[in-house]
Amino acid sequence: MNQKTKQVCARCIMDSSVPNIQFDSQGNCNYCTDFLERCAHVLDDTSEVKAKKLQALVAEVKRAGRGKRYDCIVGVSGGVDSSWVLVKCVELGLRPLAVHMDNGWNSELAQNNIANLVQTLGVDLHTHVIDWPEYKALMQAFFDADVLDVELLYDNAALAVNYRAGATYGVKHILAGTNSATEGMSMPPGWNWNKFDKRNIKAIGKRFTQTRVRTFPSIGTFDFFRFRFVNGVRWVSILDLMPYNKAAVLKELQEKYGYKPYPYKHYESIFTRFYQGYLLPKKFGVDKRKLHLGTLVAAGQMDREAALRDLEGIPYVSEAQLQEDKLYFMKKMGWTQAQLDGYIARPPVAHDVYPSEVRLWDFATRTLTALRSLRSR
Ligand SMILES: [Zn+2]
C-alpha cells in the first residue's frame, strides 16, 4: 500500500495495511476499540473484583499445592512478563517451579536474566533443552514449506513442556506471563497460527525432512484436553489480576534483579528477533511492532508519538545488530546468502495447505465454552 494513502488509527498505531482493519467516524480502529472494551476490567487497576480474584487464586493455588514440592509452574522465557510473574509468585508466598524451554536460540542476555532471577528469588529451575538436530530439521521444514508461523515450533514446544511439568509434579496451576494489559489487542488474521496445531507441525515435518522427529515436545487438541481435564492443569494469566505497567515493572526488575532489557517484545531469543525484525516483514509483510506497541499505546502505557517514531526505523536496535544476527542465523541454519534471498523471494504458503487440526481445536473449544455457559445458567 502506498505510504501516502495509508490511514493510521487516531488512538493506537495500527494502520490500513493491517488485515480486517476498520476505522470509525473518529478515526479509531476496531483493534484498539475491541481491546479497550474487552479488557476494560483488566485495565482498571482500582478494580476490587480483580483484587478479590487474585486473593482467591492465591488461596486456591496454595490449597491445591498442599503437601507437594511446588504449588505452581511458572514458564520463564527471560522476557519481562514471565520474569515478573515469577517475582510476584514469590512475593505472594507461592512455591513456584520455574520452567524454561531452551531451543538453542537464547541470547546470552536471556540466559543471564533467567539465572539471576531464579538465584535471587531462590526458586528451582527446570530447563528443557530441546534436541537441536530435530529442532533445526523442523525449522528447515517450516522454511521449505514457506509457512508464516515458524515460531509455532517454539510456542507449541514451550506449552508442551509447561503442561508436562504440571502433570509430572502433580501441580494444577501454570501461572503464565500472557496478559491483556500489554498484549490484549487481537492478533490480526494471518499474522500467526494456532499454537496447538500439533498436526500441522507433524505434517510439515514429515513432508519436508528426512530427520526422524522423536523427542520434540508437542501438544495438540487431545493432549490439551487430557492435561486440562485428566491432570487438572490450568493455564492462568495471573498478570490480569494485578496492576501491570511494563515500564514500572522493567525498572523494578533492573534495580532489584540486575535484569537487562531488550529493545522489543520477545527479543530475548536471537531467532525471534531475526524472525520478527527481518523475516516476517521481508517475506510476509508483517510488522508485529504495530500490534505490540499499539497495545501499549491503547492501554496508556506508551506515548503514541514515541511509538510512531519507533515504527519509522527498522525493527532492530541497529543495522549492525541486524547484520550480525543475519550472519548468526545463516551459520546456525547452514544457509548461504543465496538461500536466504531465495527464501525471502518465494511467496508465502498458508499453514492449512498442509494437514491441520485447527478445525478440531475450534470445535472442541467452542463446545467447551457452550457447555460452560449452559452450566452457569
Ligand atoms: Zn487503533
Side-chain angles (χ1 to χ4, degrees), residues 1-47 50 79-81 84 148-149 151 155 177-195 237 239-250 261-267 272-273 275-316 348:
M1 176 154 311
N2 189 322
Q3 283 297 111
K4 282 181 196 132
T5 61
K6 197 165 69 179
Q7 183 177 356
V8 181
C9 172
R11 185 166 46 207
C12 71
I13 58 168
M14 297 286 260
D15 61 45
S16 46
S17 70
V18 174
N20 289 7
I21 197 163
Q22 282 157 10
F23 299 95
D24 64 18
S25 55
Q26 264 94 54
N28 296 326
C29 79
N30 51 325
Y31 283 94
C32 60
T33 302
D34 159 72
F35 165 58
L36 292 173
E37 277 172 19
R38 194 165 30 84
C39 300
H41 62 292
V42 173
L43 297 173
D44 175 12
D45 285 343
T46 61
S47 158
K50 209 162 92 166
V80 175
D81 302 338
W84 191 242
L148 172 135
D149 198 347
E151 289 286 69
D155 295 327
T178 44
N179 72 91
S180 303
T182 73
E183 47 187 33
M185 217 148 84
S186 301
M187 187 69 74
W191 278 23
N192 75 347
W193 192 247
N194 183 303
K195 300 299 184 184
S237 299
L239 297 178
D240 282 353
L241 305 178
M242 57 180 85
Y244 187 56
N245 181 288
K246 200 128 188 176
V249 160
L250 185 57
Y262 320 99
Y264 295 110
K265 189 173 172 59
H266 297 318
Y267 275 27
T272 306
R273 72 181 181 224
Y275 171 71
Q276 288 192 11
Y278 187 79
L279 300 180
L280 258 190
K282 284 274 175 195
K283 182 179 172 86
F284 301 94
V286 170
D287 186 350
K288 279 197 175 166
R289 289 178 306 171
K290 286 178 192 166
L291 179 73
H292 297 149
L293 300 180
T295 305
L296 292 175
V297 171
Q301 295 203 21
M302 187 178 189
D303 178 54
R304 183 170 174 273
E305 296 307 314
L308 285 170
R309 266 198 311 279
D310 211 337
L311 267 191
E312 283 170 17
I314 56 166
Y316 254 96

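This chain uses plain numbering: 1 for the first residue, then up along the sequence. For ligands, and for the atoms within them, numbers begin at 1 and follow the listed sequence.
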Residue pair Met302 / Leu293, side-chain heavy-atom distance below 4.5 Å: yes
The Zn ion (ligand 1): protein N, O or S atoms that are less than 2.8 Å away, sorted by chain: Cys9 SG, Cys12 SG, Cys29 SG, Cys32 SG
Expected output: side-chain Asn179 to main-chain Asp240 donor-acceptor under 3.5 Å: no
Counting N and O atoms only, with roles assigned by atom type, does the side chain of Asp149 sit under 3.5 Å from a partner on the main chain of Trp193, one being a donor and the other an acceptor? yes
Under 4.5 Å between any side-chain heavy atoms of Lys288 and Met187, yes or no? yes
Could you tell me whether Lys290 and Asp15 make a salt bridge, using a distance below 4.0 angstrom between a side-chain N and a carboxylate O? yes
When you measure from the side chain of Arg38 to the backbone of Gly184, do you find a donor-acceptor pair of N or O atoms at a distance under 3.5 Å? yes
